[in-house]
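Notes for the one structure printed next.
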There are 2 protein chains.
Amino acid sequence: MAAVTIRDVALAAGVSLSSVSRALNGGKYVSARVAHDVAQAATRLGYKPDFLARSLRTRSSGMVGCLVSDVSNPLNGSIVRAAEAHLRDAGYMLVVASTANDPTRERAAADEFKGRRFDGMLVAPGSGANDSMWRELALGGTPVVVLDRDPIGARDDSRWPAVLVDHHGGAKAATRYLLGLGHRRIALLTADARMRPSRERIAGFQEAYAETGVDPSGAQLCIQSTPMDFAQGDTVALLRGERRPTAIIALGTRILAGVLRAARNLDLSVPRDLSVLSVGDTDLASVHAPAITALRWSLEDVGRAAAELLLQRLRGDFGGGQSRALLEVDLVLRESCAPPLLRSVQL
Amino acid sequence: MAAVTIRDVALAAGVSLSSVSRALNGGKYVSARVAHDVAQAATRLGYKPDFLARSLRTRSSGMVGCLVSDVSNPLNGSIVRAAEAHLRDAGYMLVVASTANDPTRERAAADEFKGRRFDGMLVAPGSGANDSMWRELALGGTPVVVLDRDPIGARDDSRWPAVLVDHHGGAKAATRYLLGLGHRRIALLTADARMRPSRERIAGFQEAYAETGVDPSGAQLCIQSTPMDFAQGDTVALLRGERRPTAIIALGTRILAGVLRAARNLDLSVPRDLSVLSVGDTDLASVHAPAITALRWSLEDVGRAAAELLLQRLRGDFGGGQSRALLEVDLVLRESCAPPLLRSVQL
DNA sequence: CTCTTCTATGAAAACGTTTTCAGAAGTCTT
DNA sequence: AAGACTTCTGAAAACGTTTTCATAGAAGAG
């Protein structure tokens, strides 16, 4: 229908194809007359450039891909939105693919991105990512920025630009806080321990025990790979068990929900009978009664930093080489943590 | 680098360009020998087709755009994810743009989609969408499916394929339920009344009053256009006011959070002093103590139905013409609603 | 045996841009 | 006045596909 091409504009303006292209792209070497005529003809005809053709010729699509487990998870959604906003300002379009952490789908999506000549990628692979996966990603020279993951097994681990969240420091601070309140038996509930965030948190958790000199035998790790609603059942089992924890650190929204449900079912009052600390601050955490003490970091910053890092590469400006960003994690004190009851302390 | 093109494959297989294209696309008229040689050469060279070039020639990009206010809102995120999954299965790639309901950005995104020759679009414009906006969308003949919006002012209102949620029926059922419990002063808190979901809910709300013959003077509408955290302040004002409502219907997660916060601040017990009903079921609603009675509908179904409707158009199969889907809304009874205290009933 | 229909193939024309190249003017510099 | 730049311009060559077209041979019909 519309299909008004650069050729039509050239015809209307009475100049050549190349002149139109130059005029429209503000190139050098174009006379005032031509510039004016072309501009006029273009608007009169309602010319809209065809990005596809342009991309084919320039070998750059103006698109950036994003590999993420699931957009409907607000954690990812916020990151994506922030990244999208910044990339759009720079003239890029962000395409996100939800891969459910499935390596097959990650590979497929990455391939499609490359087939469409995407200019860059933001990736947060699942735990299935291995050596060859990373190698494949790097193949073809498309700039890649890693979102809170470790390119384990990839050559030049440290060379990958990445934006990382200081989960280690956060978890350590949270654990120290609970230890300081007098808790000794603290349980850490986490989903996939093979991925960076969980791994770092576990390390921080253990380091807090070590550094404060508290007997680490009270530290309990509860790890499961299906994240959805396992937490509720798990928490019940945990709380009914022999060495019942007096505090729980719940990693993620879904797990926090499970923990809170379990506590209610067992008629345990938070924080009297059980202290709860959420990793990640959500509406659920802040509105719940009692309000849940939480570790918080800025998802917007993650998205923004990732976009910045990528844009830097895209400009070919590897400037100074600050290729990784480490974002800090804050402990937001609220009402869900208190010293343990004495009877629970009686080892 | 890689840049292995169809020409290289042709050379390696000792056949012509066109034969390779035919062989690879499983076209008719290709001999067994050629098919074999080409396949072998292609895999040996690691040939990956260039979608850009293909798109340019075939005039179809294999991409579908999605206009939505904000991906980081889990309501939208879930829809997007479901749509993405179904479109991917059909060979399409979904690109979402967060427009913050800003008409300018909606227009810009739609233009970019068209400039990139997107094959179709899923759109949920904000309240700023007017006649010309809809007309522009329809321009160029790109198939468009509307997500829970009314193309008001657009020519052929009813001709737009759309997937709609029965907010009207849902709100009516919720209101009847509260009226049945004995509530007379019910407040409806909503954000942007100009958009379909809110508009339909308000209509259902009022219709419930009318149909049950209850004096509608107790019905209170509280409408505000900035959705974020206005609800808390508004709720406080409402509950301190002269004709304090005994029940609140809160539209959306953020508003629910605000209402619950306000209730806590005023030391009002739910549901004893105040019944709360959430429109939209979230973790917050189900985990909160007490658990919040909520209207629920399937976001996955919205995304899936939209994808189906669009795919139907893309196949050129306007089959039977069932061009709109109406999804039902359920009332999930939980603990946050109870009959009002007598003293509040004393008009 | 001839006339038609089918199958298989390669050459070449698209698709809509940007970019290279060569040349035509004009403007300096000597 | 002759070269040496500079500024502008259009023709044509890319970019990597798919698709049309013409042609050649094979197979089938009469």
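In what follows, every heavy atom counts, from backbone to side chain, and hydrogens, waters and symmetry copies are set aside. Sequence lines set the chain letters: A, B, ... in the order given, protein chains first and strands last, and positions in each chain run from 1. This is a predicted model, so every value here is computed, not measured.
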In whole angstrom, give the distance that lies between atom [atom1] of [X] and atom [atom2] of [N].
{"X": "Arg7(A)", "N": "dA11(D)", "atom1": "CZ", "atom2": "P", "value": "10 Å"}
{"X": "Arg54(B)", "N": "dG16(C)", "atom1": "CZ", "atom2": "P", "value": "18 Å"}
{"X": "Ile6(A)", "N": "dC15(D)", "atom1": "CD1", "atom2": "C1'", "value": "15 Å"}
{"X": "Asp8(B)", "N": "dC15(D)", "atom1": "CG", "atom2": "P", "value": "11 Å"}
{"X": "Leu24(B)", "N": "dG16(D)", "atom1": "CG", "atom2": "P", "value": "16 Å"}
{"X": "Arg116(A)", "N": "dT17(D)", "atom1": "CZ", "atom2": "P", "value": "14 Å"}
{"X": "Leu56(A)", "N": "dT17(D)", "atom1": "CG", "atom2": "C1'", "value": "8 Å"}
{"X": "Leu11(A)", "N": "dG10(D)", "atom1": "CG", "atom2": "P", "value": "12 Å"}

Checklist entry - Regarding Ser69(B) and Asn76(B), is there a side-chain donor-to-acceptor distance under 3.5 Å anywhere? => result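 Checked: Ser69(B)/Asn76(B) side chains pair up, N/O donor to acceptor below 3.5 Å.
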Checklist entry - Which residue, Arg117(A) or Val30(A), contacts DNA chain D at a nucleotide closer to its 5' end, judged by nearest heavy atom? => result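 Checking each residue's closest nucleotide, the 5'-ward one belongs to Val30(A).
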If the threshold is 4.0 Å, N to carboxylate O, is there a salt bridge linking [X] and [Y]?
{"X": "Lys114(A)", "Y": "Asp111(A)", "result": "no"}
{"X": "Asp37(A)", "Y": "Arg33(A)", "result": "yes"}
{"X": "Arg54(B)", "Y": "Asp50(B)", "result": "no"}

Next on the checklist: Between dT18(C) and Arg57(A), counting only base atoms on the nucleotide and side-chain atoms on the residue, is there a donor-acceptor pair under 3.5 Å?
Outcome noted: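 Such a pair is found, so the answer is yes.
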Checklist entry - Does any donor-acceptor pair link the side chain of Arg22(A) with the base of dG10(D) at a separation under 3.5 Å? => result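 Side chain to base: pair found, below 3.5 Å.
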Checklist entry - Is the shortest side-chain N/O distance from Ser21(B) to OP1 or OP2 of dT18(D) below 4.0 Å? => result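 For dT18(D), OP1 or OP2 has a side-chain N or O of Ser21(B) closer than 4.0 Å.
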Checklist entry - At under 4.0 Å between heavy atoms, what does Ser31(A) touch on the DNA or RNA strands: base, sugar-phosphate, or nothing? => result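 Sugar-phosphate, no base atom in range.
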Checklist entry - Which part of the nucleic acid does Thr58(A) contact within heavy-atom distance under 4.0 Å: base, sugar-phosphate only, or nothing? => result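 Answer is sugar-phosphate: Thr58(A) comes under 4.0 Å of backbone atoms only.
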Checklist entry - Out of dG16(C), dT17(D), dT9(C), which has the shortest distance to the side chain of Tyr47(B)? => result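 Selected nucleotide (nearest to the side chain): dT17(D).
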Checklist entry - Where the side chain of Leu17(A) is defined as all heavy atoms beyond and including C-beta, which of dT9(C), dA11(D), dT17(C) is the nearest nucleotide? => result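 Looking only at side-chain atoms, Leu17(A) lies closest to dT17(C).
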Next on the checklist: Here's a test of your reading of the structure: between Asn25(A) and Ser19(B), which maps to the more 5' nucleotide of DNA chain C?
Outcome noted: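 It is Ser19(B), whose closest nucleotide lies nearer the 5' terminus.
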Next on the checklist: For Val15(B) and Val20(A), find the nucleotide of DNA chain C closest to each by heavy atoms; which residue's nucleotide sits nearer the 5' end?
Outcome noted: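 The residue whose closest nucleotide sits nearer the 5' end is Val15(B).
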Next on the checklist: Tell me whether the rings of Phe118(B) and Phe113(B) are parallel (<30°), tilted (30 to 60°) or perpendicular (>60°).
Outcome noted: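 Plane angle under 30°, so parallel.
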